[in-house]
Amino acid sequence: MSSYIDTVHPEQHAPYLDIPDDVIEYLHYLDFVKLRSPRTVNGYYLDLRGFFRYMMKQWQRVSQDAAPESIDLTYITTKDIASIQKRDIFSYLDYARSSNNGPRARARKLSALKGFFGYMYTQVGKISQNPTENVNLGAPKKALPKYLTETESLDLLKNIQSDFYERDFCIITLFLNCGMRLAELVGINLGDFRDDTIRITGKGGKERIVYLNDACKQALEYYQKARAGLPNLTDKNALFVSKRTGKRLTARRVEQIVARCLQSAGLSGRGFSPHKLRHTAATLMYQGGVDMLALKEILGHESVSTTQIYTHINQQQLRAAVQSSPLAKQQYIQESSPQKTVDEDEDATENTTE
């Protein structure tokens with residue numbers, strides 16, 4: 001089992017069957033107490049499972065060439081976990097680096113380990129020391145997000161080919177104008193709209209209100225008329241539904257719709273995705289002069305430090321600022337013939353006298 005998330009219902013969990021009991025308890029703690037999103041908890045699950053598979057080889061309980069999926073972790077006890085030392089953490093991080101995990105992946109793995117061992121030491125007191133204490137990695141370089149330019153965004157909207165045009169045009173429009181996440185868009189219900197706003201449920205169940213511009217309102221109006229005409233509308237509360245089944249669209253189906261639209265616009269093969277459309281919305285808003293704190297609220301970021309990455313991608317405005325200088329069009333001036341100064345003449349005279 002590579003993931004416990006139900007792909008059709010991403011808010012639901014499949015049972016944990018292949019990890020130690022202490023890890024199961026920790027993931028339940030993240031889920032029910034800390035209210036972490038299913039995808040966040042799933043990421044911790046995958047990283048902790050990988051770590052304990054590594055430890056099984058270090059403990060020599062399986063052969064070094066054992067296939068990862070064949071390693072049974074369910075027999076790992078609290079005593080085993082309590083025996084893990086700081087050197088094991090460093091050894092695993094070195095192993096992760098040698099396995100072509102980049103800085104960001106290693107930082108994520110360490111974060112999962114810190115969270116788990118911190119829980120075992122502080123929250124439930126099952127271990128007498130925290131092997132991840134004071135273990136840190138250098139801060140990974142933040143990659144600038146990919147985004148579509150304004151022209152590319154218009155090309156995308158003008159080249160949508162679909163058997164349910166109104167729906168897919170509306171999906172792309174909301175992504176490009178509201179900067180919502182994929183899971184947020186899929187979860188929209190008809191009752192989430194009021195006047196010119198939409199209530200979006202983000203990470204950890206946190207809600208925020210986003211205002212709809214004219215483009216969004218018009219796209220929604222056309223789509224809702226088409227939606228009302230569906231003969232087999234099953235999920236009556238869901239905004240985006242399948243034309244064939246009338247059920248709420250899955251996240252995977254929306255990814256396919258976006259991929260097809262990008263292809264028809266000649267924008268495929270460049271790493272664009274629904275999340276990149278979110279970056280596009282944020283970038284275009286920032287370039288249009290939206291305040292950083294306002295952008296933070298629109299995107300649903302926990303901290304403005306997350307939003308500040310968009311200050312580094314405003315290349316067009318930076319280029320325009322430099323070009324606006326009154327000296328920007330000054331042509332190259334050839335060096336004029338050198339002329340002797342008075343001091344140079346005096347020096348020449350003195351040298352001649354000597």
Side-chain angles (χ1 to χ4, degrees), residues 1-17 27 31 35-46 156-157 160-193 198-208 210 216 219-220 222-224 226-265 267-268 271-281 299-300:
M1 182 175 67
S2 62
S3 170
Y4 76 92
I5 281 187
D6 186 323
T7 56
V8 178
H9 303 287
E11 74 284 355
Q12 299 178 7
H13 302 172
Y16 307 100
L17 301 176
L27 296 181
D31 188 7
L35 301 178
R36 297 291 187 256
S37 73
R39 292 188 180 277
T40 297
V41 179
N42 188 58
Y44 276 72
Y45 158 72
L46 294 174
L156 178 58
L157 289 167
I160 292 175
Q161 298 180 11
S162 167
D163 60 351
F164 199 170
Y165 177 85
E166 295 88 352
R167 180 197 65 191
D168 296 352
F169 184 90
C170 187
I171 287 174
I172 299 298
T173 298
L174 290 183
F175 271 137
L176 289 175
N177 285 274
C178 297
M180 61 186 65
R181 301 177 177 92
L182 174 59
E184 294 171 347
L185 180 132
V186 170
I188 295 175
N189 293 318
L190 295 179
D192 293 331
F193 294 94
I198 177 174
R199 183 179 68 244
I200 295 176
T201 304
K203 289 184 175 181
K206 294 181 179 179
E207 296 182 352
R208 67 184 188 277
V210 173
C216 292
L220 284 163
Y222 277 99
Y223 167 58
Q224 288 182 331
R227 178 185 176 281
L230 294 176
N232 57 342
L233 192 56
T234 304
D235 289 342
K236 299 185 182 299
N237 194 37
L239 175 61
F240 292 114
V241 297
S242 166
K243 183 178 182 180
R244 181 176 59 85
T245 67
K247 295 181 179 180
R248 184 187 299 272
L249 290 182
T250 65
R252 179 58 188 146
R253 182 68 186 110
V254 173
E255 287 177 333
Q256 293 171 341
I257 290 170
V258 171
R260 184 181 63 217
C261 293
L262 287 166
Q263 184 177 23
S264 63
L267 296 168
S268 60
F272 294 132
S273 64
H275 200 66
K276 300 303 183 291
L277 299 188
R278 169 174 160 86
H279 288 320
T280 297
L299 298 176

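For this chain, numbers begin at 1 and follow the sequence in order. Keep in mind the model is a prediction, meaning the values are calculated, not measured.
Here Arg244 contributes atom CZ and Asn232 contributes atom CG; the two are 9.0 Å apart, rounded to the nearest 0.5 Å. One finds the CG atom of Leu220 at 14.0 Å from the CZ atom of Arg167 (value rounded to the nearest 0.5 Å). A distance of 9.0 Å separates CZ of Phe164 from CG of Leu249, quoted to the nearest 0.5 Å. Within the model, atoms CD1 of Ile160 and CD of Glu166 stand 10.5 Å from one another, a figure rounded to the nearest 0.5 Å. Here the CG atom belonging to Leu277 is positioned 10.5 Å from the OG1 atom belonging to Thr173, to the nearest 0.5 angstrom. The line from CG of Leu157 to CG of Leu176 is 5.5 Å long, rounded to the nearest 0.5 Å.
Listed by chain and residue number, Glu302 satisfy the side chain to side chain contact (heavy atoms under 4.5 Å, CB included) test with Lys206 (two or more places apart in sequence, or in another chain). Listed by chain and residue number, His275, Lys276 satisfy the side chain to side chain contact (heavy atoms under 4.5 Å, CB included) test with Ser273 (two or more places apart in sequence, or in another chain). Listed by chain and number, the residues in a ring-ring contact (aromatic ring centres under 6.0 Å, His included) with Phe272 amount to none (sequence neighbours excluded). Residues passing the side chain to side chain donor-acceptor pair (under 3.5 Å) test with Gln256 are Arg253, sequence neighbours excluded. Looking at residues two or more places apart in sequence or on another chain, you find no side chain to side chain contact (heavy atoms under 4.5 Å, CB included) involving Ala259. Remark: Gln263 engages no residue in a side chain to side chain donor-acceptor pair (under 3.5 Å) (not counting sequence neighbours). For Phe175, there are no ring-ring contact (aromatic ring centres under 6.0 Å, His included) partners at least two apart in sequence or on another chain. Applying the side chain to side chain contact (heavy atoms under 4.5 Å, CB included) test to Gln224 and every residue at least two apart in sequence or in another chain returns Leu190, Leu239. Residues that satisfy the side chain to side chain donor-acceptor pair (under 3.5 Å) test with Asp168, not counting sequence neighbours, are Ser162, Arg260. Looking at residues two or more places apart in sequence or on another chain, you find a ring-ring contact (aromatic ring centres under 6.0 Å, His included) between Tyr165 and Phe169.
The ring-ring contact (aromatic ring centres under 6.0 Å, His included) analysis of residues 244-265, with sequence neighbours excluded, yields no pairs. For residues 169-192, the set of pairs meeting the salt bridge (charged side-chain N to carboxylate O under 4.0 Å, His left out) definition, not counting sequence neighbours, comprises Arg181-Glu184, Glu184-Arg208, Asp192-Arg199.
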CA sep, side-chain torsions, deciding dist, call: Ile257, Phe240, side-chain contact (heavy atoms from CB on, under 4.5 Å): CA-CA 12 Å; Ile257 290 170; Phe240 292 114; over 6 Å; no

Could you walk me through whether Leu233 and Val241 pass the side-chain contact (heavy atoms from CB on, under 4.5 Å) test, one step at a time? CA-CA 8 Å; Leu233 192 56; Val241 297; 3.8 Å; yes

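Scanning both residues, Asp235 and Arg227, for their nearest heavy atoms gives O-NH2, 3.6 Å. In plain terms, the two heavy atoms of Ala265 and Leu156 that are nearest each other are CB-CA, 3.8 Å. The two residues Arg248 and Val186 come nearest to each other via the heavy atoms NH1-O, 3.0 Å. Here the closest heavy-atom approach between residue Arg278 and residue Gly179 is recorded as NH1-O, 2.5 Å.
Residues Ile171 and Leu185 have side chains in contact (heavy-atom distance under 4.5 Å, counting atoms from C-beta outward). Side-chain contact between Leu182 and Val254: present, with at least one pair of heavy atoms (C-beta onward) separated by less than 4.5 Å.
Annotation: Phe193, atom CZ; neighbour count of heavy atoms from other residues, nucleotides and ligands within 6.0 Å is above 12.
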